[in-house]
A.B. asks: 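This is the structure, below, for whatever I ask next.
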Amino acid sequence: MTTSSAPGKIYLFGEHAVVYGEPAVPCAIEQRARVTVEQRSDTALRVSADDLTLDGFTVEYDGAATGVPDVDVPQALVEAAMSYVQDAINQALDAADVEDAGFEISIESDIPLGAGLGSSAAVVVATIDAATRELGTVLSAEEIADRAYHVENTVQNGEASRADTFCSAMGGAVRVEGDSCGCINAPSDLPIVIGYDGGSGDTGKLVAGVRDLRNEYTFASDTISTIGDLVRRGETALAEGDTERIGELMNINHGLLSALGVSSRSLANMVWAARDAGAHGAKLTGAGGGGCIVALDPTDETETALQYTPGCERAFRAELTETGVTQV
Ligand code: PMV
(Lines give C-alpha, C1' and ligand atoms only; values in the text may rest on other atoms or scores of the structure.)
Protein backbone atom coordinates (compact mmCIF):
# COMPACT_ATOMS: atom_id res chain seq x y z
CA MET A 1 0.00 0.00 0.00
CA THR A 2 1.41 3.41 -0.97
CA THR A 3 0.10 6.89 -0.19
CA SER A 4 1.18 10.06 -1.95
CA SER A 5 -0.05 13.60 -1.62
CA ALA A 6 0.06 16.61 -3.93
CA PRO A 7 -0.94 20.24 -3.39
CA GLY A 8 -3.67 22.36 -4.92
CA LYS A 9 -2.83 25.80 -6.33
CA ILE A 10 -4.04 29.31 -6.89
CA TYR A 11 -3.33 31.37 -9.96
CA LEU A 12 -1.57 34.59 -9.00
CA PHE A 13 -1.72 35.59 -12.66
CA GLY A 14 -2.47 34.35 -16.14
CA GLU A 15 -5.26 31.74 -16.25
CA HIS A 16 -7.10 31.46 -19.58
CA ALA A 17 -4.40 33.47 -21.40
CA VAL A 18 -2.06 30.52 -20.71
CA VAL A 19 -4.21 28.39 -23.04
CA TYR A 20 -3.03 30.68 -25.91
CA GLY A 21 0.67 30.47 -25.11
CA GLU A 22 0.91 33.45 -22.75
CA PRO A 23 2.80 32.90 -19.47
CA ALA A 24 0.97 32.13 -16.22
CA VAL A 25 2.11 32.00 -12.60
CA PRO A 26 0.31 29.52 -10.39
CA CYS A 27 1.47 28.89 -6.88
CA ALA A 28 1.02 25.74 -4.75
CA ILE A 29 -0.94 25.93 -1.49
CA GLU A 30 -0.97 23.67 1.52
CA GLN A 31 -4.39 22.18 0.70
CA ARG A 32 -3.65 18.67 -0.54
CA ALA A 33 -5.11 15.58 -2.16
CA ARG A 34 -3.94 12.27 -0.67
CA VAL A 35 -4.22 9.11 -2.75
CA THR A 36 -3.65 5.61 -1.39
CA VAL A 37 -3.03 2.84 -3.90
CA GLU A 38 -2.88 -0.89 -3.21
CA GLN A 39 -2.32 -3.46 -5.92
CA ARG A 40 -5.05 -6.12 -6.23
CA SER A 41 -4.64 -9.74 -7.23
CA ASP A 42 -6.95 -9.21 -10.24
CA THR A 43 -7.03 -6.41 -12.84
CA ALA A 44 -10.06 -4.47 -11.52
CA LEU A 45 -9.94 -0.84 -10.42
CA ARG A 46 -11.90 0.16 -7.33
CA VAL A 47 -11.96 3.81 -6.36
CA SER A 48 -13.37 5.35 -3.24
CA ALA A 49 -13.41 9.09 -2.77
CA ASP A 50 -15.10 10.19 0.41
CA ASP A 51 -14.10 13.77 0.65
CA LEU A 52 -14.19 15.57 -2.66
CA THR A 53 -16.74 18.11 -1.40
CA LEU A 54 -19.38 16.16 -3.24
CA ASP A 55 -21.56 14.51 -0.65
CA GLY A 56 -19.06 11.70 -0.66
CA PHE A 57 -19.10 8.95 -3.18
CA THR A 58 -17.71 5.51 -3.61
CA VAL A 59 -17.47 4.02 -7.03
CA GLU A 60 -16.97 0.40 -7.95
CA TYR A 61 -15.53 0.40 -11.40
CA ASP A 62 -14.09 -2.44 -13.43
CA GLY A 63 -13.63 -0.58 -16.70
CA ALA A 64 -16.75 -2.19 -18.19
CA ALA A 65 -19.16 0.18 -19.95
CA THR A 66 -22.02 -1.58 -18.19
CA GLY A 67 -20.63 -0.87 -14.73
CA VAL A 68 -22.68 2.27 -14.03
CA PRO A 69 -21.87 3.34 -10.48
CA ASP A 70 -24.73 3.78 -8.04
CA VAL A 71 -23.98 7.21 -6.58
CA ASP A 72 -25.79 10.33 -5.57
CA VAL A 73 -23.88 12.88 -7.67
CA PRO A 74 -24.25 13.87 -11.33
CA GLN A 75 -23.14 11.04 -13.58
CA ALA A 76 -20.97 13.43 -15.64
CA LEU A 77 -18.98 14.44 -12.55
CA VAL A 78 -18.39 10.81 -11.58
CA GLU A 79 -17.38 9.91 -15.13
CA ALA A 80 -14.95 12.83 -15.27
CA ALA A 81 -13.47 11.90 -11.88
CA MET A 82 -13.15 8.27 -12.99
CA SER A 83 -11.52 9.28 -16.29
CA TYR A 84 -8.84 11.22 -14.42
CA VAL A 85 -8.10 8.28 -12.15
CA GLN A 86 -8.28 5.66 -14.91
CA ASP A 87 -5.95 7.66 -17.18
CA ALA A 88 -3.55 8.34 -14.30
CA ILE A 89 -3.37 4.58 -13.67
CA ASN A 90 -2.71 3.95 -17.38
CA GLN A 91 0.17 6.44 -17.20
CA ALA A 92 1.55 4.64 -14.14
CA LEU A 93 1.34 1.24 -15.88
CA ASP A 94 3.14 2.68 -18.89
CA ALA A 95 5.85 4.33 -16.75
CA ALA A 96 6.42 1.12 -14.78
CA ASP A 97 6.30 -0.96 -17.99
CA VAL A 98 3.55 -3.19 -16.58
CA GLU A 99 0.94 -4.50 -19.02
CA ASP A 100 -2.05 -4.72 -16.68
CA ALA A 101 -2.69 -4.55 -12.96
CA GLY A 102 -5.65 -3.88 -10.67
CA PHE A 103 -5.73 -1.40 -7.82
CA GLU A 104 -7.71 -0.39 -4.79
CA ILE A 105 -7.57 3.41 -4.70
CA SER A 106 -8.74 5.73 -2.02
CA ILE A 107 -8.79 9.50 -2.45
CA GLU A 108 -9.05 12.13 0.25
CA SER A 109 -8.85 15.79 -0.59
CA ASP A 110 -8.90 19.13 1.23
CA ILE A 111 -9.38 20.86 -2.13
CA PRO A 112 -12.90 21.82 -3.28
CA LEU A 113 -13.75 20.19 -6.63
CA GLY A 114 -13.79 22.30 -9.78
CA ALA A 115 -13.37 25.52 -7.81
CA GLY A 116 -10.15 26.82 -9.38
CA LEU A 117 -7.80 25.29 -6.81
CA GLY A 118 -6.47 22.50 -9.01
CA SER A 119 -8.24 19.54 -7.39
CA SER A 120 -8.12 17.29 -10.45
CA ALA A 121 -4.43 18.01 -11.10
CA ALA A 122 -3.56 17.21 -7.47
CA VAL A 123 -5.48 13.91 -7.61
CA VAL A 124 -3.88 12.91 -10.92
CA VAL A 125 -0.35 13.83 -9.78
CA ALA A 126 -0.72 11.98 -6.45
CA THR A 127 -2.29 8.95 -8.19
CA ILE A 128 0.56 8.62 -10.71
CA ASP A 129 3.16 8.91 -7.94
CA ALA A 130 1.46 6.42 -5.60
CA ALA A 131 0.68 3.88 -8.35
CA THR A 132 4.17 3.92 -9.89
CA ARG A 133 5.73 3.53 -6.42
CA GLU A 134 3.32 0.66 -5.72
CA LEU A 135 4.67 -0.97 -8.91
CA GLY A 136 8.26 -0.43 -7.76
CA THR A 137 9.15 2.55 -9.95
CA VAL A 138 9.97 6.06 -8.70
CA LEU A 139 9.49 8.92 -11.17
CA SER A 140 10.96 12.41 -10.99
CA ALA A 141 8.50 15.23 -10.21
CA GLU A 142 9.07 16.54 -13.75
CA GLU A 143 8.07 13.23 -15.31
CA ILE A 144 4.99 12.99 -13.08
CA ALA A 145 4.06 16.55 -14.15
CA ASP A 146 4.42 15.64 -17.82
CA ARG A 147 2.37 12.45 -17.53
CA ALA A 148 -0.29 14.23 -15.44
CA TYR A 149 -0.53 16.95 -18.09
CA HIS A 150 -1.28 14.33 -20.74
CA VAL A 151 -4.05 12.91 -18.53
CA GLU A 152 -5.65 16.35 -18.03
CA ASN A 153 -5.30 17.23 -21.67
CA THR A 154 -7.03 14.03 -22.75
CA VAL A 155 -9.87 14.28 -20.23
CA GLN A 156 -10.34 18.01 -20.98
CA ASN A 157 -10.45 17.42 -24.77
CA GLY A 158 -7.14 19.06 -25.56
CA GLU A 159 -7.91 22.29 -23.65
CA ALA A 160 -5.55 21.93 -20.67
CA SER A 161 -2.36 23.88 -20.06
CA ARG A 162 0.60 22.46 -18.14
CA ALA A 163 0.09 24.98 -15.33
CA ASP A 164 -1.95 23.01 -12.76
CA THR A 165 -0.12 19.72 -13.10
CA PHE A 166 3.40 21.23 -13.14
CA CYS A 167 2.61 23.37 -10.10
CA SER A 168 1.12 20.47 -8.17
CA ALA A 169 4.06 18.17 -8.94
CA MET A 170 6.81 20.74 -8.17
CA GLY A 171 5.27 22.90 -5.40
CA GLY A 172 6.12 26.58 -4.88
CA ALA A 173 5.48 29.28 -7.47
CA VAL A 174 5.99 28.25 -11.08
CA ARG A 175 5.95 29.87 -14.48
CA VAL A 176 4.35 28.12 -17.42
CA GLU A 177 4.50 29.35 -21.00
CA GLY A 178 3.43 26.83 -23.61
CA ASP A 179 5.49 23.68 -23.03
CA SER A 180 8.15 25.51 -21.07
CA CYS A 181 7.76 25.22 -17.30
CA GLY A 182 10.02 26.31 -14.45
CA CYS A 183 10.07 27.21 -10.78
CA ILE A 184 10.36 30.90 -9.85
CA ASN A 185 11.05 32.87 -6.70
CA ALA A 186 8.11 34.24 -4.77
CA PRO A 187 7.86 35.49 -1.18
CA SER A 188 7.17 32.40 0.97
CA ASP A 189 4.98 34.48 3.28
CA LEU A 190 2.46 35.79 0.72
CA PRO A 191 -0.63 36.56 2.84
CA ILE A 192 -3.11 34.48 0.79
CA VAL A 193 -6.81 34.47 1.66
CA ILE A 194 -9.29 32.36 -0.31
CA GLY A 195 -13.03 32.93 -0.62
CA TYR A 196 -15.13 30.01 -1.89
CA ASP A 197 -18.72 30.37 -3.11
CA GLY A 198 -19.47 26.66 -2.67
CA GLY A 199 -19.89 26.19 -6.41
CA SER A 200 -17.80 25.40 -9.42
CA GLY A 201 -17.42 26.49 -13.02
CA ASP A 202 -17.34 24.20 -16.03
CA THR A 203 -13.72 24.62 -17.18
CA GLY A 204 -14.37 23.22 -20.68
CA LYS A 205 -17.30 25.56 -21.31
CA LEU A 206 -15.50 28.60 -19.92
CA VAL A 207 -12.40 27.92 -22.02
CA ALA A 208 -14.63 27.46 -25.09
CA GLY A 209 -16.44 30.74 -24.30
CA VAL A 210 -13.14 32.65 -24.22
CA ARG A 211 -12.13 30.96 -27.50
CA ASP A 212 -15.39 32.14 -29.14
CA LEU A 213 -14.87 35.72 -27.92
CA ARG A 214 -11.28 35.65 -29.16
CA ASN A 215 -12.44 34.49 -32.58
CA GLU A 216 -15.13 37.15 -32.75
CA TYR A 217 -13.48 40.26 -31.29
CA THR A 218 -10.01 41.71 -31.65
CA PHE A 219 -10.45 43.25 -28.18
CA ALA A 220 -10.59 39.74 -26.72
CA SER A 221 -7.33 38.61 -28.33
CA ASP A 222 -5.78 41.93 -27.27
CA THR A 223 -7.03 41.28 -23.74
CA ILE A 224 -5.32 37.89 -23.78
CA SER A 225 -1.96 39.39 -24.83
CA THR A 226 -2.42 42.17 -22.25
CA ILE A 227 -2.76 39.47 -19.59
CA GLY A 228 0.57 38.08 -20.87
CA ASP A 229 2.22 41.52 -20.38
CA LEU A 230 0.70 41.76 -16.93
CA VAL A 231 2.08 38.33 -15.97
CA ARG A 232 5.61 39.42 -16.95
CA ARG A 233 5.28 42.47 -14.70
CA GLY A 234 3.87 40.22 -11.99
CA GLU A 235 6.98 38.04 -12.13
CA THR A 236 9.18 41.08 -11.46
CA ALA A 237 6.96 42.14 -8.55
CA LEU A 238 7.18 38.59 -7.13
CA ALA A 239 10.96 38.51 -7.46
CA GLU A 240 11.13 41.88 -5.64
CA GLY A 241 8.67 40.74 -2.97
CA ASP A 242 6.55 43.84 -3.68
CA THR A 243 3.21 42.72 -2.23
CA GLU A 244 1.45 46.01 -3.03
CA ARG A 245 2.41 45.77 -6.69
CA ILE A 246 1.44 42.08 -6.81
CA GLY A 247 -1.99 43.01 -5.41
CA GLU A 248 -2.44 45.87 -7.87
CA LEU A 249 -1.66 43.55 -10.77
CA MET A 250 -4.06 40.91 -9.39
CA ASN A 251 -6.83 43.56 -9.43
CA ILE A 252 -6.10 44.39 -13.06
CA ASN A 253 -5.92 40.69 -13.96
CA HIS A 254 -9.39 40.20 -12.46
CA GLY A 255 -10.75 43.09 -14.56
CA LEU A 256 -9.30 41.56 -17.72
CA LEU A 257 -10.79 38.15 -16.84
CA SER A 258 -14.18 39.84 -16.31
CA ALA A 259 -13.87 41.36 -19.77
CA LEU A 260 -13.41 37.82 -21.09
CA GLY A 261 -16.70 36.83 -19.45
CA VAL A 262 -15.43 34.36 -16.85
CA SER A 263 -16.33 36.17 -13.62
CA SER A 264 -19.69 35.68 -11.88
CA ARG A 265 -21.81 37.59 -9.40
CA SER A 266 -20.51 35.66 -6.39
CA LEU A 267 -16.87 35.94 -7.53
CA ALA A 268 -17.30 39.69 -8.13
CA ASN A 269 -18.98 40.12 -4.71
CA MET A 270 -16.09 38.35 -2.99
CA VAL A 271 -13.44 40.30 -4.93
CA TRP A 272 -15.08 43.61 -3.95
CA ALA A 273 -15.54 42.54 -0.33
CA ALA A 274 -11.81 41.77 -0.15
CA ARG A 275 -10.84 45.09 -1.74
CA ASP A 276 -13.20 47.03 0.56
CA ALA A 277 -11.65 45.23 3.53
CA GLY A 278 -8.24 46.58 2.54
CA ALA A 279 -6.71 43.62 0.69
CA HIS A 280 -3.68 44.50 -1.47
CA GLY A 281 -5.56 42.91 -4.35
CA ALA A 282 -8.10 40.22 -5.24
CA LYS A 283 -9.01 38.17 -8.28
CA LEU A 284 -10.83 35.03 -9.30
CA THR A 285 -8.56 31.98 -9.59
CA GLY A 286 -8.77 29.26 -12.22
CA ALA A 287 -11.42 28.87 -14.85
CA GLY A 288 -13.96 31.14 -13.09
CA GLY A 289 -17.73 31.01 -13.51
CA GLY A 290 -17.94 30.21 -9.78
CA GLY A 291 -15.59 28.69 -7.22
CA CYS A 292 -12.82 30.66 -5.56
CA ILE A 293 -11.21 34.06 -5.38
CA VAL A 294 -7.75 34.74 -4.03
CA ALA A 295 -6.86 37.90 -2.12
CA LEU A 296 -3.67 39.17 -0.44
CA ASP A 297 -4.14 40.54 3.05
CA PRO A 298 -1.77 40.17 6.01
CA THR A 299 -4.53 41.27 8.42
CA ASP A 300 -7.70 39.36 9.41
CA GLU A 301 -9.95 41.94 7.71
CA THR A 302 -10.49 40.20 4.38
CA GLU A 303 -11.20 36.80 5.94
CA THR A 304 -13.72 38.39 8.31
CA ALA A 305 -15.37 40.46 5.56
CA LEU A 306 -15.68 37.40 3.29
CA GLN A 307 -17.40 35.46 6.06
CA TYR A 308 -20.20 38.04 5.91
CA THR A 309 -20.32 38.39 2.13
CA PRO A 310 -23.45 37.10 0.40
CA GLY A 311 -22.48 34.21 -1.84
CA CYS A 312 -19.30 33.34 0.09
CA GLU A 313 -19.63 29.93 1.69
CA ARG A 314 -16.18 29.65 3.21
CA ALA A 315 -13.17 31.90 3.69
CA PHE A 316 -9.78 30.61 4.77
CA ARG A 317 -6.12 31.50 4.81
CA ALA A 318 -3.81 29.38 2.64
CA GLU A 319 -0.08 28.99 3.06
CA LEU A 320 2.11 28.75 0.02
CA THR A 321 3.87 25.37 0.03
CA GLU A 322 7.23 24.44 -1.46
CA THR A 323 6.37 20.73 -1.15
CA GLY A 324 5.08 19.30 -4.39
CA VAL A 325 4.16 15.66 -4.83
CA THR A 326 5.50 13.52 -2.01
CA GLN A 327 5.10 10.07 -0.54
CA VAL A 328 3.22 10.23 2.75
O1 PMV B 1 -10.12 25.99 -12.75
P2 PMV B 1 -8.83 25.29 -12.94
O3 PMV B 1 -8.02 25.18 -11.69
O4 PMV B 1 -8.99 23.97 -13.65
O5 PMV B 1 -7.92 26.20 -13.92
C6 PMV B 1 -8.24 26.35 -15.28
C7 PMV B 1 -7.22 27.28 -15.87
C8 PMV B 1 -7.40 27.55 -17.37
O9 PMV B 1 -6.34 28.44 -17.73
C10 PMV B 1 -8.71 28.25 -17.63
C11 PMV B 1 -7.33 26.29 -18.21
C12 PMV B 1 -5.96 25.63 -18.17
O13 PMV B 1 -5.91 24.40 -18.38
O14 PMV B 1 -4.94 26.32 -18.01
Side-chain angles (χ1 to χ4, degrees), residues 6-29 31-33 52-53 77 80-81 83-84 109-125 145-146 148-169 174-181 192 194-214 220 223-225 227-228 230-231 234 253-254 256-264 266-267 283-294 318:
K9 61 101 213 358
I10 47 126
Y11 272 94
L12 285 172
F13 312 110
E15 56 274 85
H16 283 288
V18 71
V19 173
Y20 304 97
E22 299 293 344
V25 176
C27 160
I29 53 172
Q31 255 76 22
R32 306 183 76 88
L52 291 173
T53 55
L77 206 47
S83 311
Y84 284 116
S109 177
D110 314 327
I111 313 164
L113 255 200
L117 299 184
S119 57
S120 57
V123 167
V124 170
V125 163
D146 186 54
Y149 160 68
H150 287 290
V151 172
E152 286 226 315
N153 202 40
T154 308
V155 180
Q156 290 169 208
N157 304 317
E159 294 279 17
S161 71
R162 290 181 178 270
D164 283 28
T165 38
F166 186 75
C167 186
S168 185
V174 306
R175 175 190 209 275
V176 174
E177 184 170 2
D179 284 338
S180 125
C181 305
I192 299 169
I194 291 174
Y196 173 41
D197 71 3
S200 61
D202 180 330
T203 302
K205 268 197 193 142
L206 290 151
V207 169
V210 171
R211 186 176 297 283
D212 289 346
L213 272 190
R214 181 174 172 269
T223 302
I224 287 167
S225 23
I227 292 177
L230 178 144
V231 176
N253 198 163
H254 181 79
L256 296 169
L257 288 165
S258 289
L260 294 175
V262 298
S263 188
S264 71
S266 55
L267 294 175
K283 64 182 279 293
L284 69 84
T285 172
C292 291
I293 64 129
V294 53

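Atoms within a ligand are numbered from 1 in the order they appear, just like the ligands themselves. Heavy atoms only: backbone and side chains are in, while hydrogens, waters and symmetry mates are out. For the single chain, residues carry numbers from 1 onward in sequence order.
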A.B. asks: Considering non-hydrogen atoms of the protein only, which is the closest contact for atom 11 (C) of ligand 1, and what is the distance?
C.D. replies: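 Atom 11 (C) of ligand 1 sits closest to the protein heavy atom V19 CG2, 3.9 Å.
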A.B. asks: Ligand 1 versus D164, non-hydrogen atoms closer than 4.0 Å: side chain, backbone, both, neither?
C.D. replies: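 Only the side chain of D164 comes within reach of ligand 1.
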A.B. asks: How far is atom 7 (C) of ligand 1 from its nearest protein heavy atom, and which residue and atom name does that atom have?
C.D. replies: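 Protein heavy atom with the smallest distance to atom 7 (C) of ligand 1: Y11 OH, 3.7 Å.
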A.B. asks: Within a distance under 4.0 Å of any heavy atom of G116, pick out the atoms of ligand 1 and give their elements.
C.D. replies: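 Those of ligand 1 that fall under 4.0 Å from G116 are 1 (O), 3 (O).
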A.B. asks: Give the atoms of ligand 1, by number and element, whose distance to some non-hydrogen atom of A160 is under 4.0 Å.
C.D. replies: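 It comes down to these atoms of ligand 1: 13 (O).
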A.B. asks: Who gets closest to atom 10 (C) of ligand 1 by heavy atom: K9, H16, R162?
C.D. replies: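 Minimum heavy-atom distance to atom 10 (C) of ligand 1 goes to H16.
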A.B. asks: With heavy atoms of G118 as the reference, note each atom of ligand 1 found under 4.0 Å away.
C.D. replies: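 Heavy-atom distances to G118 below 4.0 Å select 3 (O).
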A.B. asks: How far is atom 6 (C) of ligand 1 from the closest protein heavy atom, and which atom is that?
C.D. replies: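 Result: A287 N, 3.6 Å.
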A.B. asks: Of all the non-hydrogen atoms in the protein, which one sits nearest to atom 13 (O) of ligand 1, and at what distance?
C.D. replies: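 Going by distance alone, atom 13 (O) of ligand 1 is nearest to S161 N, 2.9 Å.
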A.B. asks: With atoms numbered from 1 as shown, which atoms in ligand 1 lie under 4.0 angstrom from a non-hydrogen atom of V18?
C.D. replies: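 So the atoms of ligand 1 that pass are 9 (O), 14 (O).
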A.B. asks: List ligand 1 atoms under 4.0 Å from E15, heavy atoms only on the residue side.
C.D. replies: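 With E15 as reference, the close atoms of ligand 1 come out as 9 (O).
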A.B. asks: Between E177 and R162, is a salt bridge (Lys or Arg N to Asp or Glu O under 4.0 Å) present by the stated rule, with each step listed?
C.D. replies: CA-CA 8 Å; E177 184 170 2; R162 290 181 178 270; over 6 Å; no
